[in-house]
Amino acid sequence: MPVCWGPDRDECIGRAHEQFRWFGGGWKVNAELPGTAGFAGATGLVRPEDVAGSIPCGDSADAVAETGNFTLSP
């Protein structure tokens, strides 16, 4: 499960968008892309908020736990 951890959530969203925007396509799509130009074309319309909706960004352990369906106990 990808996570972009850091104290500034907006900075984390930007980093996750830069490095993980291909994440939403899934393996079947990604496996068929021939190279970096294909990835760029396939992910050109992915917005930072789209990535943030799928990848926990920031310093909230609760957000990570919710995304992964984990339970945090004290």
Side-chain angles (χ1 to χ4, degrees):
M1 175 177 79
V3 174
C4 192
W5 189 267
D8 185 322
R9 185 172 189 275
D10 290 334
E11 186 177 303
C12 288
I13 290 171
R15 187 177 318 117
H17 180 258
E18 176 186 326
Q19 296 184 12
F20 294 110
R21 67 181 176 269
W22 52 268
F23 183 76
W27 175 249
K28 289 184 179 187
V29 171
N30 294 337
E32 296 297 323
L33 297 173
T36 56
F39 278 99
T43 62
L45 298 177
V46 177
R47 303 168 302 162
E49 54 267 26
D50 298 328
V51 174
S54 298
I55 298 173
C57 297
D59 61 357
S60 170
D62 290 332
V64 173
E66 288 172 15
T67 301
N69 276 334
F70 301 112
T71 302
L72 296 178
S73 58

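Index from 1, following the sequence. Note that the structure is a prediction, hence the values are computed from the model and not measured.
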### Query
Same cluster or not: are Leu45 and Val51 linked, directly or through other Ile, Leu, Val, Met, Phe, Trp or Tyr residues, by side-chain heavy atoms under 4.5 angstrom apart?
no
### Task
State which residues pass side chain to side chain contact (heavy atoms under 4.5 Å, CB included) with Ala52; sequence neighbours excluded, sorted by chain then number.
Arg9, Ile13
### Those residues that, when tested against Ser60, pass side chain to side chain contact (heavy atoms under 4.5 Å, CB included) (two or more places apart)
Asp62, Ala63
### Closest non-hydrogen atom pair, Trp22 against Thr43
CA-CG2, 3.5 Å
### Message
If I compare all heavy atoms of His17 with all of Arg21, which pair ends up nearest, and what's the gap?
### Response
O-CB, 3.2 Å
### Query
Can you name the side chain to side chain contact (heavy atoms under 4.5 Å, CB included) partners of Cys4, sequence neighbours left out?
Cys12, Arg15, Ala16, Cys57
### Pairs involving residues 33-45, ordered by first then second residue, that meet salt bridge (Lys or Arg N to Asp or Glu O under 4.0 Å) (sequence neighbours left out)
none
### Task
Sorted by first residue and then second, give each salt bridge (Lys or Arg N to Asp or Glu O under 4.0 Å) pair with at least one member in residues 46-55; sequence neighbours left out.
Arg47-Glu49, Arg47-Asp50
